[in-house]
Amino acid sequence: MELVVTGLGYVGLVTAVCMAERGNTVVCVDVDDQKIEALKRCEATIFEKNLACLLRKNHEKMRFTTDFADAYRNATMVMICVGTPERSDGSADLSYVRRAAEQIAEHVESDCIVIVKSTTPIGTNDKIEQAVRARQKNNVRIDVVSNPEFLAQGTAVDNTLNASRIVLGVENERAKQAVLELYRDFERPVVLTSRRSAEMIKYASNNFLAMKISFMNEIANLCEKIDADIEDIAAGMGFDERIGKAFLNAGIGYGGSCFPKDTKALYWLSNFHDRELKTVKAAIEVNERQKLKLIKKAKKYVSSFEDICIAVLGLTFKPDTDDIRDAPSLANLPILLEEGARLRVYDPVGEKNFKKFFAESDALRYCKTIDETLSGAQLCFIFTQWEEIKSYDARNFPAKMRRAIILDGRNCFSLDSMKNIPVIYESIGRKTVDGLSARGNSKHLMDGKGRDALDNCI
Ligand code: UGA
């Protein structure tokens with residue numbers, strides 16, 4: 001089949017490449033001409049596992065253009081994959097979806113199915129269909145289908161080709177047959193439902209996962225007080241198939257382009273309909289607090305961060321992506337800088353995106369290796385569980401750092417690996433390993449100038 005994909009962000013580009021991989025011809029449209037030129041040169045514009053090689057493999061089946069009028073003219077199937085960012089009140093900004101739909105309406109000259117993959121609040125696709133039909137220039141039939149995606153960054157290609165389910169919100173037989181045909185070769189479970197239910201499946205799924213994470217983070221915080229271990233709790237819970245093993249990892253909160261935005265949008269919608277989702281509200285609040293948990297832990301060791309040399313490992317919102325949107329690092333670094341810390345930061349791929357917000361300066365130095373980052377540091381914050389960080393030899397922390405106090409927001413290291421070495425290791429929902437005091441070295445309190453406070457007292 002031939003289809004048009006409009007909006008070449010994470011969802012759009014991955015979808016386009018996977019649709020080509022499944023044998024379709026795909027016209028890819030975006031307003032960003034630099035992106036289109038890069039894709040014409042076969043350069044993947046996002047960092048995503050297996051994407052570059054599938055793009056190369058299927059490049060001949062794909063055409064890239066900024067000329068949406070030309071792309072829509074003969075289209076019989078258009079997938080809308082543009083963003084629905086958060087507005088200041090928490091609701092979803094639907095202007096990009098609306099604009100794409102209007103452009104399709106103005107230019108399409110054949111009967112056409114518009115498939116909305118963008119995450120849209122419940123009822124949006126009904127309105128889009130009405131608007132498209134009201135604006136269409138030619139006497140053709142346009143049907144709108146809701147087809148939310150469930151791809152996670154880092155595994156997006158696999159999540160698309162081997163989707164857990166394909167959700168199709170359709171309102172008539174013609175649209176239903178067309179999208180069933182489009183997905184026939186995927187051979188994945190299909191959930192056929194109404195457009196509104198399809199939209200709700202997407203929001204409910206993301207919100208449920210966000211709540212699961214916030215719940216585990218609260219349990220982890222309690223574990224720290226009652227001397228229980230969150231990793232054991234998660235393992236013990238996960239054996240129950242009704243709970244499942246996934247998304248039980250406590251940490252410094254969820255980030256990314258989806259959970260923060262989708263929880264706020266659903267909460268906004270629930271209030272709009274006078275059905276406040278209190279569970280979602282709690283998940284959002286817990287997450288906001290959790291993001292700053294390492295700073296609170298650090299304050300046990302420093303009275304202020306002024307002149308403290310801090311190593312920061314991991315900047316992205318999760319591993320295997322260069323995306324820093326709503327990453328906990330973004331909430332923490334301004335506080336550390338504001339208090340006068342001297343930061344040395346490292347991320348295997350996130351540096352370029354991070355530099356758009358935080359330029360290199362005397363107070364913030366980008367490093368190329370973990371060793372270089374740790375060198376001379378008095379505190380280490382870990383924000384992302386990159387494999388490279390998890391497999392780092394813990395014995396190097398005391399060798400590289402001036403004072404090895406490690407605050408790990410992603411539980412990258414086993415407690416055993418930290419035993420018997422001169423470090424203080426604090427993680428989330430687990431015991432603190434204190435190999436400094438244990439060695440009679442209790443001088444880990446530092447004053448605001450980065451000097452050891454106890455040194456000064458003596
Ligand atoms: C999420 C969903 O997982 C996808 O199914 C969905 O399609 C996507 O949003 C979307 O709406 O487009 P994504 O944001 O890429 O995908 O990443 P996740 O792997 O879900 O992680 C989100 C955040 O939760 C990360 O910050 C991660 O570190 C955190 N997380 C995840 C935890 O803190 N604990 C966990 O156990 C799992």
Side-chain angles (χ1 to χ4, degrees), residues 10-11 80-98 101 116-131 144-153 164-165 167-171 191-219 221 242-244 246-248 250-292 317 325-328 331:
Y10 270 95
V11 174
I80 297 182
C81 300
V82 296
T84 52
E86 185 184 317
R87 286 196 301 213
S88 56
D89 63 356
S91 64
D93 178 353
L94 300 171
S95 54
Y96 301 108
V97 178
R98 234 179 267 127
V116 180
K117 283 198 97 57
S118 309
T119 302
T120 54
I122 295 88
T124 305
N125 285 310
D126 290 355
K127 288 195 196 122
I128 288 177
E129 189 172 85
Q130 286 160 12
V144 173
V145 172
S146 170
N147 173 213
E149 50 75 28
F150 300 95
L151 55 88
Q153 291 179 28
S164 51
R165 72 288 206 194
V167 174
L168 299 172
V170 292
E171 296 296 332
V191 179
L192 267 175
T193 183
S194 68
R195 275 194 302 241
R196 283 172 176 256
S197 297
E199 290 171 315
M200 188 52 148
I201 289 171
K202 169 69 185 187
Y203 271 104
S205 300
N206 272 6
N207 276 261
F208 186 78
L209 293 171
M211 284 186 338
K212 208 174 173 188
I213 296 167
S214 277
F215 177 79
M216 289 310 284
N217 285 338
E218 282 206 293
I219 295 289
N221 296 343
R242 294 169 302 175
I243 296 172
F247 278 71
L248 296 179
I252 37 160
Y254 58 77
S257 62
C258 306
F259 290 172
K261 155 178 92 70
D262 293 350
T263 44
K264 286 180 207 148
L266 189 64
Y267 182 66
W268 185 92
L269 193 78
S270 72
N271 275 323
F272 182 76
H273 289 288
D274 197 20
R275 293 287 183 278
E276 185 191 19
L277 286 170
K278 293 193 168 65
T279 46
V280 171
K281 184 184 187 197
I284 296 168
E285 284 172 3
V286 168
N287 199 57
E288 287 309 307
R289 269 205 315 274
Q290 197 72 7
K291 277 188 186 170
L292 300 179
F317 82 96
R325 283 177 286 179
D326 260 305

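This is a predicted model, so every value here is computed, not measured.
- Listed by first and then second residue, the side-chain hydrogen bond (donor to acceptor under 3.5 Å, both in side chains) pairs involving residues 274-283 are Tyr267-Glu276 (not counting sequence neighbours).
- For the atom pair Glu171 CD and Arg196 CZ, the distance stands at 9.0 Å (nearest 0.5 Å).
- More than 12 heavy atoms of other residues, nucleotides or ligands lie within 6.0 Å of NZ in Lys212, so this atom counts as buried by the packing criterion.
- Checked by atom type and distance alone, the side chain of Glu86 never pairs as donor or acceptor with a backbone atom of Lys264 at under 3.5 Å.
- Contact between Pro148 and Ala198 at its shortest, heavy atoms only, is CG-O, 3.5 Å.
- Asp262 contributes no side-chain N or O that, together with a main-chain N or O of Asn207, makes up a donor-acceptor pair within less than 3.5 Å.
- Within 6.0 Å of atom CZ in Phe150, more than 12 heavy atoms from other residues, nucleotides or ligands are found, so the atom counts as buried in its surroundings.
- Taking every heavy atom of both residues into account, Val97 and Gly83 meet most closely at CG2-O, 4.4 Å.
- Here the closest non-hydrogen pair linking Gly255 and Pro260 is O-CD, 3.6 Å.
- Each of Arg289, Met216, Gln290 was compared with Asn221 under the side chain to side chain contact (heavy atoms under 4.5 Å, CB included) criterion, and only Gln290 meets it.
- For Arg195 (side chain) and Val144 (main-chain N/O), a donor-acceptor pair under 3.5 Å exists by modelled atom type.
- Between Ala331 and Leu292, the closest heavy-atom pair is O-CD2, 3.9 Å.
- Interatomic distance, OH of Tyr10 versus CD of Glu149, reported as 12.5 Å (0.5 Å rounding).
- Put simply, the side chain of Asn217 gets close to the backbone of Gly251: a donor and an acceptor are under 3.5 Å apart.
- Applying the side-chain hydrogen bond (donor to acceptor under 3.5 Å, both in side chains) rule to Lys261 yields the partners Thr84; only residues at least two apart in sequence or on another chain are considered.
- Looking only at distances, a side-chain donor or acceptor of Thr124 sits under 3.5 Å from a matching main-chain atom of Pro121.
- Here the straight-line distance linking atom CD1 of Ile122 with atom CZ of Phe272 works out to 12.0 Å at 0.5 Å rounding.
- The backbone N or O of Gly169 sits nowhere less than 3.5 Å from a side-chain atom of Asn147 that would complete a donor-acceptor pair.
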Original post:
Does the pair Asp326 and Lys291 meet the rule for a side chain to side chain contact (heavy atoms under 4.5 Å, CB included), with working shown?
Top reply: CA-CA 10 Å; Asp326 260 305; Lys291 277 188 186 170; 3.5 Å; yes
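- Smallest separation of non-hydrogen atoms from Ile284 and Tyr254: CA-OH, 3.8 Å.
- The shortest heavy-atom contact between Ser257 and Gln153 is OG-NE2, 3.5 Å.
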**OP:** Test Ser205 against Ile201 for side chain to side chain contact (heavy atoms under 4.5 Å, CB included), laying out the working first.
**Re:** CA-CA 6 Å; Ser205 300; Ile201 289 171; 4.0 Å; yes
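- Once rounded to the nearest 0.5 Å, the distance linking OG1 of Thr120 with CG of Asn125 reads 4.0 Å.
- From Met211, atom CE reaches atom CD of Glu218 across 12.0 Å, with rounding to the nearest 0.5 Å.
- Phe317 contributes atom CZ, which lies 8.5 Å from atom CZ of Phe259 (distance to the nearest 0.5 angstrom).
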